[in-house]
Student: 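Have a look at this one.
Along the sequence shown, residues carry numbers from 1. All heavy atoms count here, side chains included; hydrogens, waters and symmetry mates do not.
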Amino acid sequence: MENNWFNSRKAAQVAAFFALQTGGRINLLKAVKLIYLAERKFLGEFEASMLRDQLVSMDYGPVNSKTLNHINGMALNPDGWREFISDRENYHFSVARPDISVASLDELSRAEVRILSETWAEFGGMDQWQLAEYTHKHCPEWEDPDGSSNPIPYSRVFKYLNKTNPEELEQKILLERKLESLLNT
């Protein structure tokens, strides 16, 4: 069963933000790398999670697992996703409608849009393979899963972001998930 703490509408808007930067259509691997890097940047700056997603190590680097499942059409409960993102086509996805703009991404705070914009400015010029290589070299929380996927605890990310209390910060995110789940039951 899909966890009801995950906001698929918000995740779709994060994905749509990056698709909009490329004219409305983006390579799947490039998008998931940008989403992870934005999440990591948000964690570092605000000691909080944008998406509260499950982070995992995969062969091509770290990813936000539930967001990737939605992009791949494997989500059990894609509420709000199709409002912003079309079905995957080959190795790309697009925004669902031509009238979607950054201004219409109402789930995103100004701080989140700023982080997404900064992530795009820093990494948007890279292709998917350059981004995968970058995450292998510059995201030490990633561990080679050897063809599988392994969880990345938030505490490990916080540790490599040089936070003094990584376990406490992870517990805060897990508590937020639990509260969100209670509110959505």
Student: Determine whether Ile115 and Leu55 fall in the same hydrophobic cluster, where Ile, Leu, Val, Met, Phe, Trp and Tyr are linked whenever their side-chain heavy atoms lie under 4.5 Å apart.
Tutor: no

Student: Run the numbers on Leu105 and Val113 for side-chain contact (heavy atoms from CB on, under 4.5 Å), then give the verdict.
Tutor: CA-CA 9 Å; Leu105 305 179; Val113 170; 5.9 Å; no

Student: Is there a side-chain contact (heavy atoms from CB on, under 4.5 Å) between Arg82 and Asp87 once you walk through the steps?
Tutor: CA-CA 8 Å; Arg82 287 195 171 79; Asp87 287 341; 3.5 Å; yes

Student: Could you give the distance from NE2 (His138) to CG (Leu37), rounded to the nearest 0.5 Å?
Tutor: 10.5 Å

Student: Taking atom CZ of Phe18 and atom CH2 of Trp120, what is their separation to the nearest 0.5 Å?
Tutor: 8.0 Å

Student: To the nearest 0.5 Å, what is the distance between CD on Gln128 and CD on Glu133?
Tutor: 12.5 Å

Student: Would you compute the distance between atom NZ of Lys172 and atom CD of Glu47 and round it to the nearest 0.5 angstrom?
Tutor: 7.0 Å

Student: Using side-chain heavy atoms (C-beta onward) and a distance below 4.5 Å, is Leu20 in contact with Val102?
Tutor: yes

Student: Would you mind telling me which of Trp129, Tyr36, Tyr91 makes a ring-ring contact (aromatic ring centres under 6.0 Å, His included) with Tyr60?
Tutor: Trp129

Student: With a 4.5 Å limit on heavy-atom distance, are the side chains of Asp144 and His136 in contact?
Tutor: no

Student: When rounded to the nearest 0.5 angstrom, what distance separates CZ in Phe17 from CG in Leu34?
Tutor: 10.0 Å

Student: I'd like to know whether Asn27 forms a side-chain contact (heavy atoms from CB on, under 4.5 Å) with Asp127, so could you lay out the CA-CA distance, the side-chain angles of the two residues, the decisive distance to 0.1 Å, and finally the verdict.
Tutor: CA-CA 9 Å; Asn27 174 275; Asp127 70 19; over 6 Å; no

Student: Ser8: what forms a side chain to side chain contact (heavy atoms under 4.5 Å, CB included) with it, not counting sequence neighbours?
Tutor: Phe6, His70, Asp79

Student: Can Trp5 be reached from Val56 by stepping across I, L, V, M, F, W or Y side chains whose heavy atoms are under 4.5 Å apart?
Tutor: no

Student: Return yes when atom CZ of Arg9 has more than 12 non-hydrogen atoms of other residues, nucleotides or ligands closer than 6.0 Å, and no otherwise.
Tutor: yes

Student: Do you know which two heavy atoms are closest between Ala12 and Phe84, and how far apart they sit?
Tutor: CB-CB, 4.0 Å

Student: Measure the spacing between CG of Asn64 and CG of Leu68 and express it to the nearest 0.5 Å.
Tutor: 9.0 Å

Student: Is there a donor-acceptor contact under 3.5 Å from the side chain of Arg88 to the main chain of Asn90?
Tutor: yes

Student: Taking Gln13 for its side chain and Asp106 for its backbone only, find out whether a donor-acceptor pair lies under 3.5 Å.
Tutor: yes

Student: Would you indicate whether the side-chain heavy atoms of Arg97 and Glu83 approach each other to under 4.5 Å?
Tutor: yes

Student: Identify whether the distance between the nearest side-chain nitrogen and carboxylate oxygen of Glu170 and Arg156 falls below 4.0 Å.
Tutor: no

Student: Do Leu28 and His92 have side-chain heavy atoms sitting under 4.5 Å apart?
Tutor: no

Student: Is Leu108 reachable from Phe42 through a run of hydrophobic residues whose side-chain heavy atoms are each under 4.5 Å from the next?
Tutor: yes

Student: Between Met50 and Leu169, is there shared hydrophobic-cluster membership here, with clusters defined by ILVMFWY side-chain heavy atoms closer than 4.5 Å?
Tutor: no

Student: Side chains of Glu39 and Ser49: is there a donor and an acceptor less than 3.5 Å apart?
Tutor: yes

Student: Could you list the donor-acceptor pairs under 3.5 angstrom formed between side-chain atoms of residues 157-165 and any protein atom two or more places apart in sequence or on another chain?
Tutor:
| from | atom 1 | to | atom 2 | distance (Å) |
| --- | --- | --- | --- | --- |
| Lys163 | NZ | Gly44 | O | 2.7 |

Student: Determine yes or no for a side-chain-to-main-chain donor-acceptor pair under 3.5 angstrom, with Ser57 supplying the side chain and Glu143 the backbone.
Tutor: yes

Student: Going through the checks in order, is the salt bridge (Lys or Arg N to Asp or Glu O under 4.0 Å) test met by Lys10 and Asp53?
Tutor: CA-CA 11 Å; Lys10 183 175 186 178; Asp53 203 338; over 6 Å; no

Student: Which residue pairs pass the salt bridge (charged side-chain N to carboxylate O under 4.0 Å, His left out) test with at least one member in residues 13-37, sequence neighbours excluded?
Tutor: none

Student: Which atom names give the shortest non-hydrogen contact between Ala11 and Trp81, and what distance separates them?
Tutor: C-CZ3, 3.5 Å

Student: Do you know the tightest heavy-atom contact between Ile26 and Thr22?
Tutor: CB-OG1, 3.6 Å

Student: For the backbone of Thr119 and the side chain of Glu122, can you confirm whether one donor and one acceptor N or O come within less than 3.5 Å of each other?
Tutor: no

Student: Tell me if a side-chain donor or acceptor on Thr135 pairs with a main-chain N or O of Ala132 at a distance below 3.5 Å.
Tutor: yes

Student: Let me see the working for Asp146 and Asp59 under side-chain contact (heavy atoms from CB on, under 4.5 Å), right down to the final yes or no.
Tutor: CA-CA 7 Å; Asp146 195 28; Asp59 286 339; 5.7 Å; no

Student: Can you confirm whether Leu51 sits close enough to Val14 that some side-chain heavy atom of one is under 4.5 Å from a side-chain heavy atom of the other?
Tutor: yes

Student: So Glu141 and Arg40, salt bridge (Lys or Arg N to Asp or Glu O under 4.0 Å) or not? Walk me through it.
Tutor: CA-CA 10 Å; Glu141 64 273 13; Arg40 190 177 198 276; 2.7 Å; yes

Student: Is it the case that one hydrophobic cluster holds both Ile152 and Val63, taking links as side-chain heavy atoms less than 4.5 Å apart, direct or via other members?
Tutor: no

Student: Could you check Arg114 against Glu118 for salt bridge (Lys or Arg N to Asp or Glu O under 4.0 Å), going step by step and ending with a plain yes or no?
Tutor: CA-CA 6 Å; Arg114 179 179 59 80; Glu118 290 172 2; 3.0 Å; yes

Student: Could you tell me if Glu107 and Asn7 have a donor-acceptor pair between their side chains, going purely by distance under 3.5 Å?
Tutor: yes

Student: Think Lys137 forms a cation-pi with Trp142, using NZ or CZ under 6.0 Å from the six-ring centre and within 45 degrees of its axis?
Tutor: no

